[in-house]
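Read the structure below first, then the notes.
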Amino acid sequence: MADPRLFPSGSGDDRREPSGRRLYNPYQDLNIPYKHIYDLPTSPEFLFDEEALAQRRSWGENLTYYTGIGYLGGAVAGAALGLRDAARGAEPGEPAKIRANRVLNSCGSSGRRVGNTLGVIGLMYAGIESAMVAARDTDDWINSVAAGLGTGALFRAANGPRSAVVAGAVGGVLAGAAAAAKQLGKRYVPAL
């Protein structure tokens, strides 16, 4: 080790181990405030205080979240359905290559179809819910139920008005049940 009298450091950082040896600090001669470079704030930054008070995602984050969750969940569920269909369609005495090809084709086809369907449903739900929040200027369960109603009705609108009404009712009930479950979870499940 170099003698500190011959090579003085400008930082004044003279930490020592319990054995009495001085610890090596690679930044001691740079004389830069390196600790301030990495001292980032942990709280979110907002332009206005009103934005900081709102505890919800923005419409873009909402759109990305629901679309992504819908597609990913649909792809996994569709792949599971495809695996079931491939297992049912397997013939005795079939080579392993043919079985593997059947499984991959079936999982990919079903996963893509169900994933795209649920991704579109998530996209419509997020768009309608964000529009309701912007129109009503409040975020409550009514927005979720209205978004479920609108999503179900829009998704099945091409099949006729009766199908659109039934799908809208199913979507509203599912969204209401999800909103109620979320409130029950907030109230009765302890925060981790």
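Taking the side chain to side chain contact (heavy atoms under 4.5 Å, CB included) definition, one finds that K186 meets it with K182, Q183, sequence neighbours left out. Shown here are the salt bridge (charged side-chain N to carboxylate O under 4.0 Å, His left out) partners of R156, two or more places apart in sequence or in another chain: there are none.
Connection of M132 to M124 is established within a shared hydrophobic cluster, with ILVMFWY side chains joined at heavy-atom distances below 4.5 Å, either directly or through further cluster members. A chain of hydrophobic side-chain contacts below 4.5 Å, direct or via other Ile, Leu, Val, Met, Phe, Trp or Tyr residues, connects L118 to I128. The cluster map of Ile, Leu, Val, Met, Phe, Trp and Tyr, joined by side-chain heavy atoms under 4.5 Å apart, puts Y65 and V133 in different clusters. Cluster membership for V114 and V120, using ILVMFWY side-chain heavy atoms within less than 4.5 angstrom, is shared.
Nearest heavy-atom pair across G152 and A167 is O-CB, 3.2 Å. Nearest heavy-atom pair across G82 and S106 is O-OG, 2.8 Å. Of all non-hydrogen atoms in A164 and A157, the two that sit nearest each other are CB-CA, 4.0 Å.
The CG atom of D139 sits 9.0 Å away from the OG atom of S130 when rounded to the nearest 0.5 Å. A distance of 12.5 Å separates CG of L72 from OG1 of T67, quoted to the nearest 0.5 Å.
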### Query
After noting the C-alpha distance and the side-chain angles of F155 and T117, does the key distance pass the side chain to side chain contact (heavy atoms under 4.5 Å, CB included) rule?
CA-CA 9 Å; F155 188 71; T117 300; 3.5 Å; yes
### Message
With side chain to side chain contact (heavy atoms under 4.5 Å, CB included) as the criterion, how do L123 and Y66 come out once you've worked through the C-alpha distance, each side chain's angles and the decisive distance to 0.1 Å?
### Response
CA-CA 6 Å; L123 181 78; Y66 283 123; over 6 Å; no
